[in-house]
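What follows is a set of notes on a single structure, which appears directly below.
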Amino acid sequence: MSTKPEKDGCCRTVTKFLFSHIGLCLMVVLYCVAGGFIFEHLEKNNEEQICYESRSEYEPMQSKTINSTLNIFYQNGGIVNDKAREMMVLQLESVLETFRNNSLAIGYNGRWCQLYGQPNGPSYDWSWPGAVLFSVTVVTTIGYGHIAPKTVWGRLVCIAYAVLGIPLMLLCLANIGDALADIFRFIYAKICCLGACRKKKKDTDQVVPIQNSETVGHWNTDKKSMACNPMSQVAPMDTKFTRMASKSPTDSMDMSDTRRLTSAGSRGGGKNKVQIVPLDLKKNDPVILDDDSDSDDDDELENRKVTVPLTITMIVIGGYIFGGAVLFGLWEGWDWLQSAYFCFITLSTIGFGDVVPGRDFDNPQVQAQLMLGSIYILFGMAILSMCFALMQEEILAKARWIGQKLGILEKEAED
């Protein structure tokens with residue numbers, strides 16, 4: 001009987017962790033890593049098989065093109081004059097055009113298929129880093145299109161992978177975006193605003209210790225007055241107190257003394273109020289003198305929500321794109337415009353696929369470049385989600401302010 005509550009508590013703990021900030025990020029990373037292994041297993045062997053098939057179609061076509069070229073020279077008998085030269089050019093152009101169109105139709109890229117996996121051989125498109133990058137582009141809906149599954153099982157798994165991965169990625173972005181927005185807002189308030197954006201109200205309650213009656217002496221009916229802290233609410237100087245033995249806080253004064261206190265308070269203009277304290281308090285007990293006339297003002301929030309200006313969020317987005325442009329420019333040898341173009345197309349989830357990292361298969365660092373692209377995309381999507389959350393708050397605040405100025409919206413009452 002006791003095992004069921006323990007299982008329920010364990011399941012509740014696991015569920016709470018999975019839907020936390022760390023849990024969602026960890027699930028997305030593990031999901032992409034698992035997708036890399038799955039798609040590598042499904043498509044890697046098929047990639048090599050396609051290479052052999054396309055090369056088997058390319059080699060006869062290449063031989064035919066060579067023979068056609070030699071036949072052109074043989075028919076002209078080696079005589080090169082203006083008329084024969086024009087005829088040879090037309091024939092060669094026709095042969096080369098046919099060769100080009102057939103090569104594009106076959107899709108052969110000139111790789112030596114038997115050298116796949118060798119140190120100096122071509123790299124697999126569906127290696128594990130390449131498959132991870134493909135998985136990231138699927139769940140983030142970027143979809144470069146530089147590689148795509150060709151097998152039946154690969155396409156079916158891709159559909160199921162996207163159906164589960166896209167909602168998970170959106171949930172993670174919404175969750176981590178709000179968390180990063182709170183952190184960035186806190187940093188902006190502390191560093192950029194130097195604490196001025198957050199208004200804090202000091203407590204107006206003053207604690208006044210009651211001195212021992214032995215040191216102060218007995219209170220007379222009409223000669224002694226209360227000595228209070230200058231920062232607190234003090235009673236008028238002509239207010240008189242009577243020391244009486246009280247049974248309860250409400251019976252500490254009789255009706256005549258109450259009327260005398262009321263009349264004294266009215267002569268003082270009603271500005272100061274006196275809180276009646278029972279006289280049977282213990283030694284050195286503190287008393288809080290509080291003016292409750294403005295109790296609504298004490299409900300002011302200590303921390304007002306800070307909105308980050310649009311210029312700051314745009315600087316963050318531009319800085320991330322600029323950093324990625326510098327990094328990919330060094331790794332891929334791209335110029336700054338091509339690198340910045342790739343970063344923008346990636347972060348905006350447009351994903352044309354005309355510029356993709358890790359396509360130079362002769363580069364020994366191609367696998368590292370693919371992993372770098374995956375990490376850049378994941379971090380970039382999180383930062384972009386944070387910036388969108390901050391921009392949304394700022395735009396709503398500006399729209400509310402404009403509406404109040406135009407009289408469309410009522411001004412919010414200050415707490």
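What you see is a predicted model, and the numbers here were worked out from it, not measured in a lab.
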Short side-chain donor-acceptor distance under 3.5 Å, T346 and Y144:
yes
At their closest point, which heavy atom of A325 faces which heavy atom of C343, and how far apart are they?
N-SG, 3.5 Å
Please tell me whether E394 and T307 have a donor and an acceptor in their side chains that are separated by less than 3.5 angstrom.
yes
Mind telling me whether Y376 and Y320 have parallel, tilted or perpendicular rings, with 30° and 60° as the class edges?
parallel
S94 side chain vs Q91 backbone, donor-acceptor pair below 3.5 Å
no
Do C172 and C25 have their SG atoms less than 2.5 Å apart?
no
Residues Q118, W112; criterion side-chain contact (heavy atoms from CB on, under 4.5 Å); working and verdict:
CA-CA 11 Å; Q118 301 297 325; W112 292 94; over 6 Å; no
To the nearest 0.5 Å, what is the distance between CG on N109 and SG on C51?
6.5 Å
Considering non-hydrogen atoms only, spot the tightest contact between V163 and P167 and give its length.
O-CD, 3.0 Å
Do I317 and L384 touch side chain to side chain, with heavy atoms closer than 4.5 Å?
yes
From L337, D354, V355, residue fulfilling side-chain contact (heavy atoms from CB on, under 4.5 Å) relative to F342:
V355
If you compare all heavy atoms of C32 against all heavy atoms of V132, which two are closest, and at what distance to 0.1 Å?
O-CG2, 4.1 Å
Quick check on I22: does its CD1 atom have over 12 non-hydrogen neighbours (other residues, nucleotides or ligands) under 6.0 Å away?
no
Between the CG atom in N102 and the NZ atom in K64, the distance rounded to the nearest 0.5 Å is 8.0 Å
Side-chain donor/acceptor of R111 to backbone N/O of P122, under 3.5 Å:
no
Test item: S385 side-chain N/O and L173 main-chain N/O as donor-acceptor pair under 3.5 Å:
yes
Could you check whether D125 pairs with R359 (Lys NZ or Arg NE/NH1/NH2 to Asp/Glu carboxylate O, under 4.0 Å)?
yes
Decide yes or no for Q62 and N67: does some side-chain heavy atom of the first lie under 4.5 Å from some side-chain heavy atom of the second?
no
Taking C-beta and beyond as the side chain, do F134 and W126 meet within less than 4.5 Å on heavy atoms?
yes
Distance (rounded to the nearest 0.5 Å) between H146 NE2 and T137 OG1
6.0 Å
More than 12 heavy atoms from other groups under 6.0 Å of CD on Q114
yes
Can you check whether E332 reaches Q369 side chain to side chain, under 4.5 Å on heavy atoms?
yes
Could you tell me whether E48 and K44 have a side-chain N and a carboxylate O separated by less than 4.0 Å?
no
In this structure, CZ of F184 is separated from CD1 of I312 (nearest 0.5 Å) by 6.5 Å
Assess the residue pair T65 and T98 against the criterion (side-chain contact (heavy atoms from CB on, under 4.5 Å)); give the C-alpha distance rounded to whole Å, side-chain angles, the decisive distance to 0.1 Å, and a yes or no.
CA-CA 8 Å; T65 303; T98 303; over 6 Å; no
Please confirm whether the backbone N or O of S123 pairs with a side-chain atom of S127, one donor and one acceptor, at under 3.5 Å?
no
Between CD1 of I377 and CG of L133, what distance do you get to the nearest 0.5 Å?
5.5 Å
Minimum-distance pair of heavy atoms, taken over all atoms of A340 and I321:
O-CG2, 4.1 Å
Give the minimum heavy-atom separation between G353 and V356, together with the two atoms involved.
O-CG2, 3.5 Å
Within the side chain of N175, is there an N or O that forms a donor-acceptor pair under 3.5 Å with the backbone of L171?
no
Under 4.5 Å between any side-chain heavy atoms of D182 and R185, yes or no?
yes
Interatomic distance, S339 atom OG to L327 atom CG [nearest 0.5 angstrom]:
9.0 Å
Are L168 and V139 close enough that some pair of their side-chain heavy atoms sits under 4.5 Å apart?
no
Taking the six-membered ring for Trp and the single ring otherwise, decide whether the centroids of Y52 and Y108 are under 6.0 Å apart.
no
Tell me, do M386 and V316 make a side-chain contact under 4.5 Å, heavy atoms counted?
yes
Take atom NE2 in H41; do more than 12 heavy atoms of anything else shown fall under 6.0 Å from it?
no
Check whether the ring centres of Y341 and W334 lie less than 6.0 Å apart, and answer yes or no.
no
After noting the C-alpha distance and the side-chain angles of E47 and K150, does the key distance pass the side-chain contact (heavy atoms from CB on, under 4.5 Å) rule?
CA-CA 8 Å; E47 179 184 355; K150 298 294 193 303; over 6 Å; no
Give a yes or no on whether the ring-centroid distance for Y31 and Y161 is below 6.0 angstrom.
yes
Take Y58 and F99 through the side-chain contact (heavy atoms from CB on, under 4.5 Å) test and state the conclusion after the steps.
CA-CA 9 Å; Y58 173 81; F99 176 75; 3.4 Å; yes
Do V33 and F37 come within less than 4.5 Å of each other through their side chains, counting heavy atoms only?
yes
Decide side-chain hydrogen bond (donor to acceptor under 3.5 Å, both in side chains) for Y124 and E40; before the verdict, give the C-alpha distance in whole Å, the side-chain angles of both, and the deciding distance to 0.1 Å.
CA-CA 9 Å; Y124 285 98; E40 180 189 13; over 6 Å; no
Over all heavy atoms of both residues, which pair between G36 and S135 is shortest? Give the atoms and the distance, please.
N-OG, 3.5 Å
